[in-house]
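These numbers come from a predicted model, not from an experiment.
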Amino acid sequence: MDTKPIYDYLRELSRCEYTPSVDAQPLEQFQYNGISYSQSSASYQKKLEKGLAEFKSSILALIQSVDSSVIKAILGDCIKIENQYYDIPDNDTIESMERDYIPGRNVSLLKSIKEARFLNEMVGVQRYYLSEVKTFLMSLCGDDIPKVDKQEERRGEETVEKVINSDWLTLDEVCKRFKLPKNNIKDRQWRIRNDFPLGNSGPCKKLTFNAKDVEKWLDKNVSPYVSP
């Protein structure tokens, strides 16, 4: 039985490959695991969604000819990946970079911040599909499964929500991420006068802002703190 699709998919979920860019390289060309910034994490999500279907199909075919210990071993490999370290900037590092950016509005630093956010989104997608793989394998193992950390399981559920809404921010979230004055941003007339993204219903059915639209606005405005 061909197990290549199974282990190819697990390798993809554990892969963390990117090269720090240089100033001369356009942001759009920055890549993580072969997916560029311009393609966005949505492209990676589509790739991993397709891979998940192939993974499940291969597992179901495999289980017809092997005992449950093989599936349990694959689940063990999955859990090892879940506990691995992805070598990317963490949230604290990104927030520190954002604080450093505010005083001088350094273009090179802004580019690095966007790259760091992109890396976090991409790893979030990986962790989401890793959680999907684990849930599927556990359903096949029944009671005979490795011990799972319930706290890790809850974190996986939180990652699902972050991946789905990663491009959409609430009023509080957009102000916190981009260090914007809340009194201005919540004022629709201010947003109209300053050509700020007006916001729309988005996925949460309430006032939300697309992060990439806000980034484009910041790129065009040297200082976001425009007088009301």
Side-chain angles (χ1 to χ4, degrees), residues 18-33 35-46 88-128 158-228:
Y18 67 96
T19 302
S21 67
V22 295
D23 289 343
Q25 180 190 40
L27 173 65
E28 291 72 21
Q29 295 179 10
F30 181 68
Q31 294 187 356
Y32 178 85
N33 287 356
I35 302 294
S36 69
Y37 183 91
S38 62
Q39 290 175 293
S40 82
S41 58
S43 295
Y44 199 37
Q45 186 170 353
K46 290 179 182 178
I88 63 169
D90 59 19
N91 288 329
D92 289 340
T93 300
I94 295 175
E95 289 179 5
S96 177
M97 293 167 68
E98 291 172 337
R99 288 193 294 271
D100 291 341
Y101 169 72
I102 293 299
R105 300 278 167 183
N106 183 278
V107 175
S108 179
L109 180 55
L110 179 59
K111 181 168 175 281
S112 296
I113 291 171
K114 291 180 179 181
E115 291 172 351
R117 288 187 192 136
F118 174 64
L119 294 176
N120 268 262
E121 288 179 11
M122 295 291 275
V123 170
V125 172
Q126 284 176 295
R127 288 196 177 280
Y128 168 65
E158 291 171 358
T159 299
V160 172
E161 183 69 19
K162 289 180 180 178
V163 169
I164 293 174
N165 297 317
S166 61
D167 284 342
W168 293 93
L169 305 172
T170 65
L171 173 64
D172 288 336
E173 289 169 341
V174 79
C175 292
K176 180 179 179 181
R177 177 183 291 192
F178 297 106
K179 308 298 186 294
L180 295 169
K182 184 175 179 179
N183 286 339
N184 284 355
I185 304 304
K186 71 180 181 180
D187 183 347
R188 180 177 176 81
Q189 293 305 313
W190 182 94
R191 298 198 302 273
I192 292 174
R193 288 197 302 273
N194 292 282
D195 198 29
F196 190 85
L198 294 182
N200 51 42
S201 58
C204 300
K205 305 303 181 185
K206 62 182 179 180
L207 180 62
T208 55
F209 299 90
N210 187 281
K212 289 183 171 54
D213 288 343
V214 176
E215 288 177 357
K216 290 177 182 177
W217 185 86
L218 285 171
D219 288 342
K220 295 177 181 178
N221 294 268
V222 176
S223 173
Y225 298 94
V226 182
S227 300

Glu98 vs Ile94, test: side-chain contact (heavy atoms from CB on, under 4.5 Å). Steps then yes/no. CA-CA 6 Å; Glu98 291 172 337; Ile94 295 175; 3.9 Å; yes
Gap separating the CG atom of Leu171 from the NZ atom of Lys182, nearest 0.5 angstrom: 5.5 Å
Is atom NZ of Lys216 surrounded by more than 12 heavy atoms (other residues, nucleotides or ligands) closer than 6.0 Å? no
Closest non-hydrogen contact found for Asn33 with Gln126 is ND2-NE2, 3.3 Å
Looking only at heavy atoms, which two atoms of Lys114 and Leu27 are closest? And how far apart? CD-CD2, 3.6 Å
Out of curiosity, Leu110 CG to Ile102 CD1, how far, rounded to the nearest 0.5 Å? 9.5 Å
Using side-chain heavy atoms (C-beta onward) and a distance below 4.5 Å, is Pro89 in contact with Leu119? yes
Smallest separation among heavy atoms of Tyr32 and Val123, with atom names: OH-CG2, 3.5 Å
Please round to the nearest 0.5 Å and tell me the distance separating atom CD1 of Ile35 and atom CD of Gln45. 12.0 Å
Which heavy atom in Asp195 sits nearest to a heavy atom in Trp217, and how many Å separate them? O-CD1, 3.0 Å
Does the side-chain contact (heavy atoms from CB on, under 4.5 Å) test come out yes or no for Arg117 and Met97, once each step is laid out? CA-CA 11 Å; Arg117 288 187 192 136; Met97 293 167 68; over 6 Å; no
Less than 4.5 Å apart, side chain to side chain, heavy atoms only: is that true for Leu218 and Arg105? yes
From Phe118 atom CZ to Tyr44 atom OH, the distance as rounded to the nearest 0.5 Å: 9.5 Å
Answer whether the closest heavy-atom distance between the side chains of Met122 and Ile88 falls below 4.5 Å. no
Between Leu180 and Val214, is there a side-chain heavy-atom distance shorter than 4.5 Å? yes
Hey, does the side chain of Gln39 reach the backbone of Ser36 with a donor-acceptor pair shorter than 3.5 angstrom? yes
Angle between ring planes, Trp190 versus Phe196, binned at 30° and 60°: parallel, tilted or perpendicular? tilted
Residue pair Phe209, Ile185: steps toward the side-chain contact (heavy atoms from CB on, under 4.5 Å) verdict: CA-CA 10 Å; Phe209 299 90; Ile185 304 304; 4.0 Å; yes
Hey, are Glu115 and Lys111 close enough for a salt bridge, meaning a charged N less than 4.0 Å from a carboxylate O? yes
